[in-house]
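Numbers for residues simply follow the sequence, beginning at 1. In this text the structure is predicted, and so the values were computed from the model without any measurement.
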Amino acid sequence: MRTAKKRTTTARTLAPLLAAVLAGAAACAPDTSDDKGGGSDAGGGGKGKKVTLTLNWVPYGEHAAFYYGLEKGIYEKAGIDLTIKPGHGSAGTVKQVAQGHSDFGWADTPALLAGVNEGMKVKSLGVYLQKGPSSVQFLSDQKIKTPKDLEGKTVGGTPGDALYATFPGWLKENKVDPAKVKVVNMDPAAKIANLGAGKVDAIMGFFHDQGPTVEDKTGKQVDYLLWADYGMNVLGNGIVTGDKMLGDDPKLAKAFTTATAKAWTEAAKHQSEAVKIMSESVDGAPPEKVLASQFKQTLPLLEGRHGANDEKKWQETIDLLKDGGMLKKAQAPSAYWDASYAGQG
């Protein structure tokens with residue numbers, strides 16, 4: 001899978017940078033093995049506090065770090081007895097957290113922003129995919145090289161999600177007339193099948209998730225235009241928890257945040273092992289080669305220390321979603337994000 005036009009650093013050239021980032025994350029992450037917050041046995045041994053994490057979707061390669069951390073005892077050492085639950089969309093995950101049905105969530109930032117604006121008492125503890133994975137994907141035989149090449153094409157999208165809301169603005173940003181691109185409304189689960197069957201020329205989505213699946217099912221090369229490469233970066237997935245958790249058990253929130261950073265750091269160092277662990281842990285997971293491709297393509301999206309965010313990037317995402325009509329009221333980043341857990345950076 002490849003970008004249609006590589007205007008930014010590729011995964012290969014990012015490798016040295018990523019290694020430095022991961023080393024920095026490991027050095028900066030405090031050891032919570034002696035943290036007795038949340039009434040847990042911080043020494044692990046199976047006596048940790050029971051904690052649930054709901055993913056943004058059914059498990060795919062991006063989630064390998066969580067399964068690695070679970071299998072390798074990283075969460076256990078932090079006093080956490082973790083259960084990972086599949087999700088069915090980030091909006092649903094944010095709602096599960098807000099209602100107290102899940103302690104933590106792994107969710108897309110636009111869904112978090114929308115949830116807070118709807119009155120849900122939740123906060124981000126830090127976004128990991130700071131280079132957003134939003135993209136337009138297509139089979140390489142479409143010969144799409146730039147956004148301008150989308151004119152005259154049909155693009156599948158899902159009304160109500162962040163990509164759909166900001167797509168017209170992204171086109172305008174790249175001097176493309178939105179009226180010249182036909183958007184076909186479809187359910188999220190139908191996008192992959194419709195692209196593979198040629199019912200649409202392209203789809204809006206996350207390239208690192210959908211692309212490897214399409215390639216596996218069709219045997220064809222998938223290319224993509226990453227929105228962040230063309231003037232529009234929307235923050236991606238990160239940790240979400242409820243205001244009640246932050247009020248009742250901030251030590252547990254800190255322990256979970258720190259353990260998660262360590263899990264990502266270690267999983268990135270041992271990609272093959274992390275993927276194998278996930279493949280063996282999840283019933284109905286994608287094929288191992290798909291998981292491997294998905295996880296590998298996730299890593300270049302990490303920037304800075306894991307979960308340590310730049311307020312300017314938060315503000316950019318907020319402004320883009322307000323301009324796209326997804327947020328009627330734009331609040332300050334602090335209304336959505338608590339920087340005291342993973343920090344700023």
Side-chain angles (χ1 to χ4, degrees), residues 22-56 59 62-87 93-94 96-107 121-128 237-270 273-274 277-278 280-282 302 305-309 337-345:
L22 296 173
C28 295
D31 183 358
T32 59
S33 60
D34 294 325
D35 188 341
K36 293 181 171 54
S40 63
D41 177 359
K47 297 180 181 178
K49 185 164 187 177
K50 293 186 180 298
V51 168
T52 53
L53 168 69
T54 299
L55 302 174
N56 58 308
E62 178 186 310
H63 306 133
F66 296 109
Y67 293 95
Y68 183 88
L70 182 61
E71 176 67 21
K72 291 295 185 178
I74 294 173
Y75 289 101
E76 182 183 11
K77 186 178 180 182
I80 294 170
D81 180 3
L82 182 63
T83 297
I84 303 172
K85 299 164 58 178
T93 296
V94 172
Q96 288 285 309
V97 172
Q99 293 177 340
H101 299 312
S102 186
D103 298 305
F104 298 95
W106 181 252
K121 304 299 183 182
V122 292
K123 287 284 192 310
S124 171
L125 300 186
V127 174
Y128 277 51
N237 291 332
I239 301 172
V240 177
T241 195
D243 290 356
K244 189 175 188 302
M245 167 69 76
L246 299 181
D248 292 350
D249 205 342
K251 288 186 177 180
L252 177 59
K254 181 66 173 179
F256 181 82
T257 303
T258 302
T260 298
K262 185 173 183 180
W264 274 85
T265 298
E266 295 302 314
K269 292 177 182 176
H270 307 284
E273 185 180 10
I277 286 171
M278 182 178 177
E280 294 174 349
S281 301
V282 181
L302 305 173
R305 289 184 292 116
H306 298 323
N309 298 165
W337 164 51
D338 190 328
S340 65
Y341 287 86
Q344 297 193 44

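The two residues A107 and T93 come nearest to each other via the heavy atoms CB-CG2, 4.3 Å. Nearest heavy-atom pair, A259 versus I74, reported as atom, atom and distance to 0.1 Å: O-CG2, 3.5 Å. Looking at every heavy atom in both residues, G69 comes nearest to A263 through CA-CB, 3.8 Å. G105 approaches V97 most closely through the heavy-atom pair N-CG2, 3.6 Å.
Considering CG of L125 and OG1 of T260, their distance stands at 9.5 Å, rounded to 0.5 Å. Here CZ of R305 is found 10.5 Å from OH of Y128. Values are rounded to the nearest 0.5 Å. Distance check: K123 NZ to S340 OG gives 10.0 Å after rounding to the nearest 0.5 Å. How far NZ of K262 is from NZ of K72: 12.0 Å, rounded to the nearest 0.5 Å. Atom-to-atom distance recorded for E280:CD and Y67:OH is 13.5 Å, nearest 0.5 angstrom. Atoms CG and NZ, from D81 and K49 in turn, are 12.0 Å apart once rounded to the nearest 0.5 Å.
Taking the side chain as every heavy atom from C-beta outward, L246 and Y341 approach each other to under 4.5 Å. In this structure, L252 and I80 have side chains that are in contact, with non-hydrogen atoms separated by less than 4.5 Å. At a threshold of 4.5 Å between non-hydrogen side-chain atoms, the residues K251 and D249 count as touching.
By the side-chain hydrogen bond (donor to acceptor under 3.5 Å, both in side chains) test, W106 pairs with E62, sequence neighbours left out. Among residues two or more places apart in sequence or in another chain, the side-chain contact (heavy atoms from CB on, under 4.5 Å) test is passed with T52 by T83, K85, S102, D103. Checked against ring-ring contact (aromatic ring centres under 6.0 Å, His included), Y75 has the following partners two or more places apart in sequence or in another chain: F256. Residues that satisfy the side-chain hydrogen bond (donor to acceptor under 3.5 Å, both in side chains) test with T257, not counting sequence neighbours, are absent from this structure. Listed by chain and residue number, nothing satisfies the side-chain hydrogen bond (donor to acceptor under 3.5 Å, both in side chains) test with Q344 (two or more places apart in sequence, or in another chain). Taking the side-chain hydrogen bond (donor to acceptor under 3.5 Å, both in side chains) definition, one finds that N309 meets it with W314, sequence neighbours left out. Considering only residues two or more places apart in sequence or on other chains, K121 meets the salt bridge (charged side-chain N to carboxylate O under 4.0 Å, His left out) condition with none of them. For L70, the side-chain contact (heavy atoms from CB on, under 4.5 Å) partners are L82, I84, not counting sequence neighbours. Listed by chain and residue number, A64, Y68, A267, F295 satisfy the side-chain contact (heavy atoms from CB on, under 4.5 Å) test with A274 (two or more places apart in sequence, or in another chain).
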